[in-house]
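Comments concern the structure below.
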Amino acid sequence: MSKLKLSYITGDLFAAPANSILVHACNTKGSWGAGIALAFKEKYPSHCLLIPGDTHDIACLFTSIAYGRRKDSPSEILSATRTSVQDLIRQNVGQKPLHACRFNSGKFAVPWVDTEAILKELEVSMVIYVPEDA
Ligand SMILES: Nc1ncnc2c1ncn2[C@@H]1O[C@H](COP(=O)(O)OP(=O)(O)OC[C@H]2O[C@H](OP(=O)(O)O)[C@H](O)[C@@H]2O)[C@@H](O)[C@H]1O
């Protein structure tokens, strides 16, 4: 049984410690039209999988090809979550701490417990932020 490496903080993901990587989910069309992605677009105007930043690096996990009503199915999103998190781990050569929102659980409508199960399977260490009003 893997040691649980996920921890939770109630608060704003953008208040994560400097020099950590902020993790969120995106569609591959490059639209950051709503949800936390819009906040990322406003704070960090460009995007790719791992964007070096001043205070934080940004990890943009492409977990759905399309977005909005044409978003991928939950199983496709979860499959893409597994490969994109594995890719993030490979790219995080500096072993920077990962701080994430409960990605996939809002506009992509995938229950957080299902994404959390992928993170546990991969035994990835990650701090998960839950908004106070969640
Ligand atoms: N400051 C904060 N700190 C901590 N947690 C925060 C937060 N602000 C919000 N949250 C929570 O963060 C989770 C993610 O929920 P989101 O709905 O945002 O994203 P998602 O990952 O389900 O889906 C991705 C698609 O959503 C977008 O919009 P479009 O598809 O373009 O329309 C993209 O472009 C993608 O395509 C929810 O639990 C929110 O409560």
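The chain is numbered in sequence order, starting from 1. Each ligand, and each atom within it, is numbered from 1 in the order the structure gives. For the numbers below, each heavy atom of this structure counts, side chains included, while hydrogens, waters and symmetry mates do not.
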Please list every donor-acceptor pair under 3.5 Å in which a side-chain atom of residues 76-83 meets a protein atom from a residue at least two apart or in another chain.
residue	atom	partner	partner atom	Å
E76	OE1	S73	N	2.8
E76	OE1	S73	OG	3.1
T81	OG1	I77	O	2.7
T81	OG1	N104	ND2	2.9
R82	NE	E121	OE1	3.4
R82	NE	E121	OE2	2.7
R82	NH2	E121	OE1	2.9
T83	OG1	S79	O	3.4
T83	OG1	A80	O	3.0

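Atoms of ligand 1 lying under 4.0 Å from at least one heavy atom of C101, given by number and element, are 5 (N), 12 (O). Within ligand 1, counting atoms from 1 as listed, the ones closer than 4.0 Å to a heavy atom of D12 are 1 (N), 2 (C), 3 (N). When each atom of ligand 1 is checked for a heavy atom of F103 under 4.0 Å away, the hits are 21 (O). Near S105, the atoms of ligand 1 lying under 4.0 angstrom from a non-hydrogen atom of the residue are 13 (C), 22 (O), 37 (C), 38 (O). Atom numbering of ligand 1 starts at 1 in the shown order; those under 4.0 Å from a heavy atom of L13 are 1 (N), 2 (C), 3 (N), 4 (C). Interface atoms of ligand 1 facing G35, defined by a heavy-atom separation under 4.0 Å, are 18 (O).
Side-chain contact between R102 and P131 is present, with at least one heavy-atom pair separated by less than 4.5 Å. Annotation: side chain of V127 is in contact with side chain of Y129 (closest heavy-atom distance under 4.5 Å). You'll find the side chain of L119 reaches within 4.5 Å of the side chain of M126, heavy atoms only. Counting heavy atoms from C-beta on, the side chains of L88 and L98 come closer than 4.5 Å. Residues W112 and I128 have side chains in contact (heavy-atom distance under 4.5 Å, counting atoms from C-beta outward).
Considering backbone and side-chain N/O atoms, F108 comes within less than 3.5 Å of an N/O atom of ligand 1. Considering backbone and side-chain N/O atoms, A25 never comes within less than 3.5 Å of an N/O atom of ligand 1. Some N or O of I36 is nearer than 3.5 Å to an N or O of ligand 1, by distance alone. Ligand 1 has an N or O atom lying under 3.5 Å from an N or O atom of N104, backbone or side chain.
S20 pairs by the side chain to side chain contact (heavy atoms under 4.5 Å, CB included) definition with A16, P17, L22, H56, P97, H99, not counting sequence neighbours.
Evaluated by nearest non-hydrogen atom to atom 11 (C) of ligand 1, the leading choice among A16, A134, P131 is P131. Checking K107, K71, E132, R102 against atom 16 (P) of ligand 1, the nearest heavy atom belongs to K107.
Here OG of S125 is found 8.0 Å from CG of L6. Values are rounded to the nearest 0.5 Å.
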